[in-house]
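Heavy atoms only: backbone and side chains are in, while hydrogens, waters and symmetry mates are out. Residue numbers start from 1 in every chain, and the chains themselves are labelled A, B, ... in the order their sequence lines are given, proteins ahead of strands.
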Protein chains: 2
Amino acid sequence: MSDRSRKGPLDTSGIDRIIGYRLRRAQAYVFQEFKTHFDPLGLTPADYSTLVLIGDNPGRRPSELAEALGIQRANFVPLVAGLEAREWLERRKSTSDGRSFSLHLTELGQQVRQRADQVQARFEQKCIAELGGEVGRDELLNLLGRFRG
Amino acid sequence: MSDRSRKGPLDTSGIDRIIGYRLRRAQAYVFQEFKTHFDPLGLTPADYSTLVLIGDNPGRRPSELAEALGIQRANFVPLVAGLEAREWLERRKSTSDGRSFSLHLTELGQQVRQRADQVQARFEQKCIAELGGEVGRDELLNLLGRFRG
DNA sequence: TATTGTTATACTCTATAACTATA
DNA sequence: TATAGTTATAGAGTATAACAATA
């Protein structure tokens, strides 16, 4: 029996206790699954969260939305440009502040959001099943919410 | 009262129910905190997990370790090169397979790992406190482990 | 033929500084 | 002078294809 060819599985107990590492692995897995679900719609995770946030908060400014999403306002620019190019949202010049404008979903954008919400609901059910039911999902969101709180 | 200057906080209830989004936010926060803790040691999150995994599994091949870490073996190359350049690990040519070699922590690498483990233990305590105690930590790791399981 | 480590490359995400036009 | 949106850019992280040496 050669000692080098078959050593059995690796000991991952050390890295498996690192919260940040486990968060990275879980996030990578869920994002990958998310992408396969949303690929037919042509929506990235960032696209979808932006669509939802603007849909729920019409008329807001880019910098407000970027901050709520936890991204730099500079990185929000190409995101908005992409959604605008597909005519899913529109910018309306602010009457009170010439530097700024407000963001709104178009009719088409609202339809896309509705379809995306249905895909999200299906994907959410898959995640909930993996988490062992809605109690597990609620507990996970609760625990994640304790960071930064 | 101008209707545009003060609209109050945004409605984030939509995005806050998206598991992938919440995982991204939590992971970004924990990684950022991790980095501030590990900056004095010159260790990135990937460096530290690699150090731990090799320390717990001396003599393994790069492709085994890369797979266990969930990264491409191509992307593992510069990671190992960086640790080797600092003389924290060494490669020993395999006697049974001329293509491969085994990875081991050097004495210096083991010392660095010990110091890093202490930093990690402190950081872990901070995370546990934010999670409301060890029960919260255990529950979080348990839930994260249900993905991909 | 298949596999190991490697190189090259490209694409995404993220972070920073600086510009412009307004305020 | 300060702020909003924007541009440019650089650095990570990640994914793929292909190559040389070895099996």
Side-chain angles (χ1 to χ4, degrees), chain A residues 2 4-5 20-21 23-25 27-32 34-36 38-39 42-50 59-85 89-103, chain B residues 2 4-5 7 20-21 23-25 27-32 34-36 38-39 42-50 59-67 69-85 89-103:
Chain A
S2 114
R4 206 167 273 89
S5 51
Y21 171 76
L23 281 171
R24 182 183 75 81
R25 295 300 299 263
Q27 195 256 9
Y29 168 68
V30 171
F31 259 52
Q32 177 189 298
F34 183 101
K35 281 172 184 165
T36 65
F38 278 78
D39 235 22
L43 282 174
T44 66
D47 285 336
Y48 178 60
S49 56
T50 302
R60 292 294 191 147
R61 292 180 293 113
S63 41
E64 289 180 294
L65 299 162
E67 193 197 5
L69 289 167
I71 63 180
Q72 308 294 126
R73 65 193 194 285
N75 296 329
F76 193 59
V77 174
L79 229 174
V80 166
L83 298 175
E84 192 185 24
L89 66 80
E90 63 180 11
R91 322 190 217 205
R92 301 186 190 153
K93 287 222 64 170
S94 170
T95 54
S96 59
D97 189 336
R99 297 169 297 181
S100 187
F101 48 82
S102 62
L103 295 173
Chain B
S2 113
R4 205 164 275 89
S5 49
K7 278 194 170 182
Y21 171 76
L23 282 170
R24 180 182 76 79
R25 295 300 298 264
Q27 194 257 8
Y29 168 68
V30 172
F31 258 52
Q32 178 189 296
F34 183 100
K35 281 172 185 166
T36 65
F38 278 77
D39 234 24
L43 282 173
T44 66
D47 285 336
Y48 177 61
S49 56
T50 302
R60 294 293 192 149
R61 292 180 292 112
S63 41
E64 289 180 294
L65 299 162
E67 191 197 6
L69 289 168
I71 63 179
Q72 308 296 127
R73 66 193 192 285
N75 296 329
F76 193 59
V77 174
L79 230 174
V80 166
L83 297 175
E84 193 186 23
L89 65 80
E90 63 180 10
R91 322 188 217 204
R92 301 185 190 154
K93 287 222 64 169
S94 170
T95 53
S96 60
D97 188 338
R99 296 170 300 182
S100 188
F101 48 83
S102 63
L103 296 174

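Closest contact between the side chain of B/S100 and the listed nucleotides C/dA23, D/dT14, C/dT4 involves C/dT4. Among the nucleotides D/dT22, C/dT6, D/dG5, the one closest to the side chain of B/D97 is D/dT22. The side chain of A/R61 has D/dA4 as its nearest neighbour among D/dA8, C/dT6, D/dA4.
Between the C1' atom of D/dT16 and the CD1 atom of B/I71 lies a distance of 15 Å, rounded to the nearest Å. Atom pair A/L79:CG and D/dT7:C1' shows a separation of 16 Å (rounding to whole Å applied). Here D/dA12 presents its P atom at 16 Å from CZ of B/F34, a figure rounded to the nearest Å. Counting to the nearest Å, the C1' atom of D/dG5 and the CG atom of A/L89 are 15 Å from each other. The NZ atom of B/K35 sits 15 Å away from the P atom of D/dG11 (whole-angstrom rounding). A/R24 has its CZ atom 15 Å from the P atom of C/dT14, to the nearest Å. C/dC11 atom P lies 16 Å from atom CG of B/N75, rounded to whole Å. Rounding to whole angstrom units, CG of residue B/L103 and C1' of C/dT4 are separated by 12 Å.
Between A/R91 and D/dT6 there is a side-chain N or O to OP1 or OP2 distance below 4.0 Å. In this model, the phosphate group of C/dT14 is not approached by any side-chain N or O of A/Q72 to a distance below 4.0 Å at OP1 or OP2. OP1 or OP2 of C/dG5 lies within a sub-4.0 Å distance of a side-chain N or O belonging to B/S63. When the side-chain nitrogen and oxygen atoms of A/R60 are compared with OP1 and OP2 of D/dA4, none of them lie within a distance under 4.0 Å.
Nearer to the 5' terminus of DNA chain D, by closest-nucleotide assignment, is the contact made by A/V80 (compared with the other of A/Q32 and A/V80). Mapped onto DNA chain D by nearest heavy atom, B/G70 and A/R99 fall at different nucleotides, with A/R99 at the one closer to the 5' end. Each of A/A74 and B/E64 has a nearest nucleotide on DNA chain C; the 5'-most of these lies closest to B/E64. Taking the nucleotide of DNA chain C with the nearest heavy atom to each of A/T44 and B/P78, the more 5' of the two is matched to B/P78.
Residue-level contact check: A/A28 touches neither bases nor backbone, having no heavy atom under 4.0 Å from any strand. Using a 4.0 Å heavy-atom criterion, one finds that B/F101 contacts the sugar-phosphate atoms exclusively.
The shortest heavy-atom contact between A/V30 and B/G20 is CG1-CA, 3.7 Å. Closest approach of B/G42 and B/D47 over heavy atoms only: O-OD2, 4.0 Å.
Summarising the geometry, atom OG belonging to B/S102 is positioned 11.5 Å from atom CG belonging to B/D97; distances are rounded to the nearest 0.5 Å. Here A/R60 contributes atom CZ and A/S100 contributes atom OG; the two are 11.5 Å apart, rounded to the nearest 0.5 Å.
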Using the side-chain contact (heavy atoms from CB on, under 4.5 Å) rule, take A/I71 and A/L79 through it: C-alpha gap first, then chi angles, then the decisive distance, then the call.
CA-CA 11 Å; A/I71 63 180; A/L79 229 174; 4.0 Å; yes
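A donor and an acceptor atom, one from each side chain of A/R25 and A/Y21, are located under 3.5 Å apart.
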